[in-house]
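Numbering of ligands and ligand atoms starts at 1, following listing order. The figures here come from the full heavy-atom set of this structure, side chains too, leaving out hydrogens, waters and symmetry mates. Just so we're clear, the structure is a prediction, and the values are computed from it rather than from any experiment.
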Amino acid sequence: MKSKIIITGGTGYIGSHTAVEFINEGLEVVIVDNLSNSDISVLDRIQSITDVAPTFENIDLTDRVKTTSFFERHKDASGVINFAAFKAVGESVQLPLQYYHNNLNILLNVMDCMDRFEIRNLIFSSSATVYGLPDSFPLTENSKTKKPTSPYGNTKKIGEEVIEDFSKVAKNFKAISLRYFNPIGAHSSGDLGETPTGVPNNLMPFITQTALGKREELKIFGKDYDTIDGTAIRDYIHVVDLAKAHVMAFQRLMKNEAKENFEIFNIGTGIGYSVLDVIASFEKTTKQKLNYSFVDRRSGDVPVLYASTAKAKKELGWNPKLTLDDMTKSSWEWEVKKNIL
Ligand code: NAD
Ligand code: UDP
């Protein structure tokens, strides 16, 4: 029988790409999502890529009763990949209670059900934001974590602490937290990608929307950082490579290869690119000319952030393969296709 995996938030940006990778590996995928930040049409897109229609249930995972009955129906699952969360950093500063309520209650309900129905394996979506303003680079999993600068980031830090505490006492429970750096890019089919609501906060969707004429110009936040060209540096990771990291982390748990009940892995490429590097790659791969200007630094931004990915490479056997050019090109193809669909 096929191994069954529950993907919460599976119609979202990263969850949908991960669903494709799990289906490609021959697993049975069950997606649970309340569609608060995604569209039901994603299911058809997953099917058109994989020829498989994943099971889908529309449930608000903060609803304890409905979440419990969902897990009762799928108690034969071998694991959970927990993507479901609100993720807008700026919005979380304005709406802290909504962010703590949603992100933490989802995790608590999911873990409570895993405990009750003896589902042993959890992969958690964490973020490089748990490192706060780092003291040194590259960031390893042993680098000090700090209180993140936003309530959103804090839900990731608290989430990891909840999982760690539970993993110390729960029988046979194993979890892996993946700390994503900057996920960008889209599926090579052009059928899956990021769909931000309203004005994008993140760099890549702002670039593609500007090139398409939806936005007048990109504002580059800061040109006086102590970096090679004065703009801030990030570790961009292609969403398909990121999705594959979830499959490898899950396989590690299934094969009982985890060295501890709770493990943490950085997921980036280990390479830092500046904002101007991203723009240069975008202009090269898409032949589009981007309008941009420089403005003041964005408050809360760190100058430089990139990962050491040595642990993920060694322990998970995961090696990101897609380049910055693959990321900018696929993001553009998705933006164009999405707007003519
Ligand atoms: P996304 O918003 O596209 O996907 C999250 C999904 O969760 C959405 O489909 C949304 O409808 C669903 N959801 C939210 N609240 C829910 C609830 N109460 N019940 C059921 N479903 C609910 O976000 P994404 O970019 O795919 O991110 C996935 C995960 O990765 C999130 O946990 C996010 O915090 C984390 N993460 C994302 C990034 C990034 O840059 N995209 C970086 C680091 C970590
Ligand atoms: N950025 C920018 N203009 C924008 C959006 C982002 O200059 O409109 C910069 C931002 O300052 C950071 C990088 O692009 O240096 C990546 O930002 P993003 O919001 O995508 O991710 P973050 O690293 O902040 O999570």
Side-chain angles (χ1 to χ4, degrees), residues 7-18 31-40 42 57-63 66-67 70 81-90 92 98-99 101-107 109-110 124-130 149-150 152-153 155-156 159 177-184 192-197 199-207 209-210 215 217-223 225 227 231-237 239 242-243 246 267-268 272-279 292-306:
I7 303 188
T8 80
T11 43
Y13 172 45
I14 304 170
S16 57
H17 288 83
T18 304
I31 290 178
V32 54
D33 200 299
N34 68 352
L35 302 176
S36 58
N37 196 37
S38 53
D39 194 87
I40 191 81
V42 165
E57 297 209 26
N58 183 339
I59 287 166
D60 181 343
L61 291 160
T62 64
D63 183 323
K66 287 188 182 152
T67 302
F70 165 82
I81 318 291
N82 191 46
F83 291 106
F86 291 158
K87 64 160 181 178
V89 176
S92 78
Q98 287 188 26
Y99 271 70
H101 172 78
N102 194 61
N103 295 2
L104 296 178
N105 279 313
I106 290 173
L107 181 65
N109 285 342
V110 164
F124 178 64
S125 293
S126 187
S127 163
T129 184
V130 300
T149 48
S150 71
Y152 161 75
T155 67
K156 296 298 174 191
S177 179
L178 300 180
R179 291 179 178 163
Y180 314 157
F181 278 65
N182 284 60
I184 60 170
L192 290 178
E194 195 174 3
T195 313
T197 41
V199 181
N201 291 308
N202 296 113
L203 179 64
M204 199 64 238
F206 209 104
I207 289 177
Q209 291 193 10
T210 305
R215 315 270 157 220
E217 65 172 9
L218 170 76
K219 301 216 176 326
I220 300 180
F221 300 135
K223 63 169 179 182
Y225 285 111
T227 60
T231 65
I233 288 183
R234 294 290 181 274
D235 184 342
Y236 297 91
I237 173 76
V239 67
L242 172 61
H246 293 78
I267 303 294
Y273 287 109
S274 72
V275 177
L276 289 175
D277 287 334
V278 177
I279 294 172
Y292 62 83
S293 65
F294 293 96
V295 295
D296 285 348
R297 295 179 181 194
R298 181 170 66 179
S299 120
D301 273 0
V302 297
V304 178
L305 202 66
Y306 62 93

Audit row: N109, L61, side-chain contact (heavy atoms from CB on, under 4.5 Å) steps and yes/no: CA-CA 7 Å; N109 285 342; L61 291 160; 5.7 Å; no
From CG (D277) to OH (Y236), nearest 0.5 Å: 9.0 Å
Residues K156, S125; criterion side-chain contact (heavy atoms from CB on, under 4.5 Å); working and verdict: CA-CA 8 Å; K156 296 298 174 191; S125 293; 4.3 Å; yes
From CG (L35) to CG (N58), nearest 0.5 Å: 4.5 Å
Nearest-neighbour protein heavy atom for atom 13 (C) of ligand 2, which is reported as residue plus atom name and distance: Y236 OH, 3.5 Å
Distance from atom 16 (C) of ligand 1 to nearest protein heavy atom, with residue and atom: N34 OD1, 3.4 Å
Closest to atom 28 (C) of ligand 1 (judged by heavy-atom distance), picking from F83, F181, Y180, F124: F83
Min N/O separation L218 to ligand 2 under 3.5 Å: no
Atom of F86, atom of S36 and distance for their closest heavy-atom approach: CE2-OG, 3.9 Å
Atom indices of ligand 1 within 4.0 angstrom of D60 heavy atoms, with elements: 17 (C), 18 (N), 19 (N)
Distance-only side-chain donor-acceptor flag, T62 / N102, under 3.5 Å: no
Nearest protein heavy atom with distance in Å, relative to atom 5 (C) of ligand 1: A85 O, 3.8 Å
Protein contact to atom 2 (O) of ligand 1 [nearest heavy atom, distance to 0.1 Å]: N37 ND2, 2.7 Å
CG on N182 to CG on D235, rounded to 0.5 Å: 7.0 Å
Under 4.0 Å to a heavy atom of G9 - the qualifying atoms of ligand 1, by number: 6 (C), 7 (O)
Mode of K219 contact toward ligand 2 - side chain, backbone, both, neither (heavy atoms, under 4.0 Å): backbone
Atom of D33, atom of S38 and distance for their closest heavy-atom approach: OD1-OG, 3.4 Å
S38 N/O to ligand 1 N/O under 3.5 Å: yes
Closest protein heavy atom to atom 23 (O) of ligand 2, given as residue, atom name and distance to 0.1 Å: R234 NE, 2.7 Å
Protein heavy atom at shortest distance from atom 12 (C) of ligand 1: D33 OD1, 3.3 Å
Taking atom 19 (O) of ligand 2 as the reference point, the nearest protein heavy atom with its distance: R298 NH2, 2.8 Å
Stepwise side-chain contact (heavy atoms from CB on, under 4.5 Å) check, D301 with R234: CA-CA 11 Å; D301 273 0; R234 294 290 181 274; 4.0 Å; yes
L35: numbered ligand 1 atoms lying under 4.0 Å from its heavy atoms: 11 (O)
Rounded distance (nearest 0.5 Å) linking atom CD1 of I207 with atom OH of Y292: 10.5 Å
Distance, nearest 0.5 Å, that separates CD1 of I237 from CD1 of I184: 9.5 Å
Min heavy-atom dist K156 to ligand 1 below 4.0 Å: yes
Under-4.0 Å heavy-atom contact with ligand 2, by part of N182 that carries it: side chain
N or O contact, I106 vs ligand 1, cut-off under 3.5 Å: no
Criterion side-chain contact (heavy atoms from CB on, under 4.5 Å) against S274, the qualifying member of I279, I233, I220, T227: I233
Heavy-atom nearest neighbour of atom 2 (C) of ligand 2 within options F294, F181, F221: F221
Under-4.0 Å heavy-atom contact with ligand 2, by part of V275 that carries it: side chain
Shortest protein heavy-atom distance from atom 40 (O) of ligand 1, along with the residue and atom involved: P183 CD, 3.4 Å
Numbered atoms and elements of ligand 1 in range of I59, under 4.0 angstrom, heavy atoms: 19 (N), 20 (C)
Closest contact, heavy atoms only, G268 versus F181: CA-CB, 4.3 Å
Main-chain N/O of A84 paired with T8 side-chain donor or acceptor, under 3.5 Å: yes
Closest approach of any protein heavy atom to atom 15 (N) of ligand 1, naming residue and atom: N102 ND2, 3.1 Å
Any S16 heavy atom less than 4.0 Å to ligand 1: no
Subset of ligand 1 atoms that lie under 4.0 Å from at least one heavy atom of S125: 29 (C), 30 (O), 32 (O), 35 (C)
Side-chain (Y99) to main-chain (A88) donor-acceptor, under 3.5 angstrom: yes
Nearest-contact summary for atom 18 (P) of ligand 2 - protein heavy atom, Å: N202 ND2, 3.5 Å
Atom 23 (O) of ligand 1: the protein heavy-atom neighbour that sits closest, reported with distance to 0.1 Å: K87 CD, 3.3 Å
Atom 19 (N) of ligand 1 - nearest protein heavy atom and its distance: L61 N, 3.0 Å
Taking every non-hydrogen atom, the tightest pair across P196 and Q209: CG-NE2, 4.2 Å
Option with minimal heavy-atom separation from atom 33 (C) of ligand 1, where the choices are F86, Y152, Y99: Y152
Contact check, Y225 vs ligand 2, heavy-atom distance below 4.0 Å: no
Ligand 1 N/O within reach of S36 N/O, cut-off under 3.5 Å: yes
Any N or O of I14 closer than 3.5 Å to N or O of ligand 1: yes
Nearest-contact summary for atom 5 (C) of ligand 2 - protein heavy atom, Å: N201 O, 3.4 Å
H17 ring center within less than 6.0 Å of F83 ring center: no
For atom 11 (O) of ligand 2, the protein heavy atom that lies nearest, with its residue and separation: D301 OD2, 2.6 Å
Side chain, backbone, both or neither: the part of L203 lying under 4.0 Å from ligand 2 by heavy atom: both
Atom indices of ligand 1 within 4.0 angstrom of S126 heavy atoms, with elements: 43 (C), 44 (C)
Winner among G90, A232, S274 once heavy atoms are compared against atom 15 (O) of ligand 2: A232
Main-chain N/O of V275 paired with T231 side-chain donor or acceptor, under 3.5 Å: yes
Sub-4.0 Å heavy-atom approach of I184 to ligand 1: no
CD1-NE2 distance between I81 and H246, expressed to the nearest 0.5 angstrom: 6.5 Å
Chi angles and distances behind the side-chain contact (heavy atoms from CB on, under 4.5 Å) call for V278, L203: CA-CA 9 Å; V278 177; L203 179 64; 4.1 Å; yes
